[in-house]
Amino acid sequence: MREVCSDPQLLPPLLRNDEITESCKYELFKEYSSRVMRWSNKLVVYSTFPRTLQKLENWCKKIGWNTFYIDGSISNRQEIVENFEKANQGIFFISLKAGGVGLNLVSCQYVFIYDPWWNTAAEQQATNRIYRIGQKKPVFIYHFLIKN
């Protein structure tokens with residue numbers, strides 16, 4: 001249910017009707033990510049749901065931005081993290097379950113929490129990935145909350 005609230009387009013086709021449009025959260029993501037990429041060239045996006053992250057990543061690839069992605073199925077996490085840290089520009093999509101030990105993302109200042117988590121400790125751990133030793137700039141965390 002939470003995933004569908006993030007984006008009704010993710011409903012299976014048999015459960016969708018013709019009236020379902022794009023998610024306002026998705027539209028907000030496109031607007032805000034465009035701003036952040038103009039300001040800083042780097043962004044980290046967290047979601048609990050890999051399908052949601054994949055949809056966001058596909059849009060970013062169409063724009064021509066570098067994308068980096070990890071979820072629970074990715075085995076070369078450290079290599080992807082290092083590539084993001086070395087890159088001049090990019091958006092890093094990370095699922096909650098992949099955000100365990102060893103992620104240091106100090107080259108980035110902007111974080112989007114795409115869907116809220118019920119476990120605030122897990123959310124705090126995710127945002128702490130940006131607040132590591134070596135971070136020299138202020139960090140901005142945006143929570144995507146949509147009313148109703």
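Remember, it's a predicted structure, so these values are computed and weren't measured experimentally. Only heavy atoms go into these numbers, but all of them, side chains included; no hydrogens, no water, no symmetry mates.
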Take Ser33 and Trp59 through the side-chain contact (heavy atoms from CB on, under 4.5 Å) test and state the conclusion after the steps. CA-CA 11 Å; Ser33 61; Trp59 180 79; 3.5 Å; yes
I would like to know whether Gln109 and Trp39 meet side-chain contact (heavy atoms from CB on, under 4.5 Å); could you show each step before the answer? CA-CA 10 Å; Gln109 293 180 254; Trp39 296 333; over 6 Å; no
side-chain contact (heavy atoms from CB on, under 4.5 Å) between Phe29 and Phe112, intermediate numbers included: CA-CA 9 Å; Phe29 169 80; Phe112 291 174; 3.8 Å; yes
Carefully, step by step, assess Ser95 and Leu53 under the rule side-chain contact (heavy atoms from CB on, under 4.5 Å). CA-CA 7 Å; Ser95 73; Leu53 290 171; 3.8 Å; yes
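Between His143 and Ile141 there is a side-chain heavy-atom pair separated by less than 4.5 Å. Residues Phe93 and Pro50 fail the side-chain proximity criterion, which asks for heavy atoms closer than 4.5 Å. Within the 4.5 Å cutoff, the side chain of Phe49 has heavy atoms near those of the Asp115 side chain. You'll find the side chain of Leu56 stays beyond 4.5 Å of the side chain of Lys30, heavy atoms only. Side-chain contact between Ile80 and Tyr69 is absent, with no heavy-atom pair separated by less than 4.5 Å. Inter-residue side-chain proximity for Ile94 and Leu105 is flagged as met; some heavy-atom pair is nearer than 4.5 Å.
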Indicate every side-chain donor-acceptor pair of residues 81-92 with a distance under 3.5 Å to a residue at least two apart or in another chain.
residue	atom	partner	partner atom	Å
Asn83	ND2	Glu79	O	3.3
Glu85	OE1	Val106	N	3.3
Glu85	OE1	Ser107	N	3.2
Glu85	OE2	Ser107	N	3.4
Glu85	OE2	Ser107	OG	2.9
Gln89	OE1	Asn66	N	3.3
Gln89	OE1	Asn66	ND2	3.1

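Atom NZ in Lys61 sits 4.0 Å away from atom CD in Glu57 (nearest 0.5 Å). Taking SG of Cys24 as the start and CD of Glu31 as the end, the distance is 11.5 Å to the nearest 0.5 Å. Considering OG of Ser23 and NZ of Lys55, their distance stands at 7.0 Å, rounded to 0.5 Å.
For the pair Arg35 and Tyr32, the cation-pi test (distance below 6.0 Å, angle within 45°) is passed.
Under the ring pair (Phe, Tyr, Trp, His ring centres under 6.0 Å) criterion, Tyr114 pairs with Phe144, not counting sequence neighbours. Annotation: side-chain hydrogen bond (donor to acceptor under 3.5 Å, both in side chains) contacts of Ser75 (sequence neighbours excluded): none.
Aromatic ring centroids of Phe140 and Tyr110 lie under 6.0 Å apart.
When all heavy atoms of Thr67 and Cys60 are compared, the pair lying nearest together is CG2-CB, 3.8 Å.
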